[in-house]
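I am attaching a structure below and will ask some questions about it afterwards.
These numbers come from a predicted model, not from an experiment.
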Amino acid sequence: MDTRKEVSKEAVRAALQALGEDGKEVSYQLVYEALGLKNDAEQAVVRSRISDMTRHGEVKRTRTGCFTYDFKHRPRESKSYETLWRFVRKAKPGWSVSECAMMTRISYTRALRYCTWLEEAGFIERTGRSDRNATTWRATAKADMNPETPYPPLRETDPFAKERTAAATIVRLMLCADPYAAKTAREVTEAARVLLARFEKQPAKIVTELENA
């Protein structure tokens with residue numbers, strides 16, 4: 001069984017973000033519990049994923065087996081954006097996305113996605129079409145005045161992010177906090193309300209599909 005496919009970096013990242021909200025310290029054990037992992041091999045993959053994130057600055061170790069998640073870190077190809085941006089600002093007017101991708105050695109899809117956002121943000125504009133009928137571009141005055149690489153906003157990729165955070169909060173509190181404390185009770189109740197607000201009012205059909213998933 002390939003456990004690396006089962007425990008993806010995206011799943012580990014989601015758990016870290018949920019458990020590490022507001023700079024809270026997270027332990028390996030909390031991540032195991034949040035992901036429902038009891039298998040030693042799967043837990044080893046989690047440790048490997050987190051070690052990789054630590055090397056890239058996404059996770060910061062606080063003590064043995066514990067760490068915090070840096071929400072300011074961009075777990076994306078920021079170097080690619082920097083390379084593309086340099087091309088956009090220095091290239092002569094009339095370049096195409098294909099030329100941009102070829103000259104920067106970055107995939108056409110990524111270059112197209114970034115250029116589309118740059119146009120929406122007013123950093124580049126269309127100049128016409130090439131002899132191959134490809135759209136041509138040029139940098140605007142706004143691009144000239146912004147030497148620092150502009151980054152597209154992070155997209156919300158998880159429609160259940162709030163619910164995952166709430167569930168992880170309950171797990172963390174039940175494992176680490178005093179269950180008799182008033183603050184614990186209040187936070188558990190608030191997290192439970194988030195889950196109820198999402199799932200209690202859904203049509204019976206959707207709930208059934210979720211239960212059978």
Side-chain angles (χ1 to χ4, degrees), residues 2 4-23 26 31 35 45-46 48-60 67-165 168 198:
D2 190 348
R4 294 190 64 85
K5 291 183 179 179
E6 293 183 8
V7 189
S8 67
K9 178 175 286 188
E10 289 70 26
V12 175
R13 177 176 291 124
L16 289 171
Q17 291 175 340
L19 293 164
E21 189 180 24
D22 298 326
V26 183
V31 177
L35 296 176
V45 172
V46 168
S48 175
R49 302 288 192 199
I50 292 176
S51 292
D52 184 57
M53 293 180 189
T54 301
R55 286 194 297 273
H56 290 85
E58 188 174 354
V59 170
K60 297 180 179 180
F67 29 80
T68 57
Y69 185 83
D70 183 3
F71 285 88
K72 294 181 180 180
H73 178 81
R74 300 179 70 84
R76 305 188 297 176
E77 300 83 357
S78 59
K79 294 294 183 182
S80 297
Y81 287 126
E82 293 171 7
T83 302
L84 290 168
W85 181 240
R86 282 196 297 271
F87 173 88
V88 168
R89 294 188 74 245
K90 294 181 179 180
K92 294 181 179 180
W95 51 270
S96 67
V97 174
S98 294
E99 292 171 343
C100 176
M102 180 179 64
M103 295 301 293
T104 59
R105 297 184 179 181
I106 293 173
S107 72
Y108 175 84
T109 300
R110 187 174 300 164
L112 176 62
R113 188 181 301 120
Y114 186 52
C115 288
T116 299
W117 177 79
L118 288 176
E119 181 189 23
E120 294 173 354
F123 289 108
I124 61 175
E125 60 186 10
R126 304 181 186 217
T127 61
R129 289 189 173 276
S130 67
D131 53 1
R132 294 185 178 183
N133 202 35
T135 302
T136 54
W137 306 85
R138 69 180 175 191
T140 63
K142 182 178 179 180
D144 293 335
M145 294 185 294
N146 288 272
E148 295 296 324
T149 304
Y151 293 95
L154 292 170
R155 294 177 295 176
E156 179 60 68
T157 58
D158 185 359
F160 288 89
K162 292 182 179 179
E163 290 73 22
R164 294 187 199 283
T165 298
R198 179 61 182 258

For Ala143 and Ala139, work out which heavy atoms get closest and say how close.
CB-CB, 3.9 Å
Interatomic distance, CZ@Arg89 vs CG@Asn146, rounded to 0.5 Å, equals 8.0 Å
As an exercise, state the distance from CH2 of Trp137 to OG1 of Thr135, rounded to the nearest 0.5 Å.
6.0 Å
Salt bridge (charged side-chain N to carboxylate O under 4.0 Å, His left out) with Glu125: which residues, sequence neighbours excluded?
Arg138
Please report the closest heavy-atom contact between Gly94 and Thr127, naming both atoms and the distance.
CA-OG1, 4.0 Å
Flag side-chain contact, heavy atom, 4.5 Å: Lys60 against Thr54:
no
Strictly under 6.0 Å, is that where the ring centroids of Phe71 and Tyr69 end up?
yes
Which heavy atom of Pro147 sits nearest a heavy atom of Trp85, and at what distance?
O-NE1, 3.3 Å
Residues Ser130 and Thr136: side-chain donor-acceptor under 3.5 angstrom:
no
Return the CG to OG distance between Asn133 and Ser96, rounded to the nearest 0.5 Å.
11.5 Å
Distance from Ile106 atom CD1 to Met102 atom CE, nearest 0.5 Å?
13.5 Å
Contacts of Arg132 meeting salt bridge (charged side-chain N to carboxylate O under 4.0 Å, His left out) (sequence neighbours excluded), chain-then-number -> none
Val88 side chain reached by Phe123 side chain, heavy atoms, under 4.5 Å
no
Any salt bridge linking Asp52 with Arg55? Criterion: basic side-chain nitrogen under 4.0 Å from a carboxylate oxygen.
yes
Taken in chain and number order and not counting sequence neighbours, the residues that satisfy salt bridge (charged side-chain N to carboxylate O under 4.0 Å, His left out) with Arg105 are none
Mind checking the CH2-OH spacing from Trp117 to Tyr151? Nearest 0.5 Å is all I need.
10.5 Å
Let me know which of Val26, Leu16, Asp70 forms a side-chain contact (heavy atoms from CB on, under 4.5 Å) with Val59.
Leu16
Over all atoms of both residues, closest heavy-atom pair of Arg110 and Ser80
NH1-OG, 3.3 Å
Using modelled atom types and a 3.5 Å cut-off, is there a donor and acceptor pairing between side-chain atoms of Arg49 and backbone atoms of Val7?
yes
Separation of Lys142 NZ from Leu118 CG (nearest 0.5 Å)
9.5 Å
Locate the shortest heavy-atom distance separating Ala111 from Cys100; write the atom from each residue and the value.
CB-SG, 4.5 Å
Could you check whether the rings of Tyr114 and Tyr81 sit parallel, tilted or perpendicular, using 30° and 60° as the cut-offs?
tilted
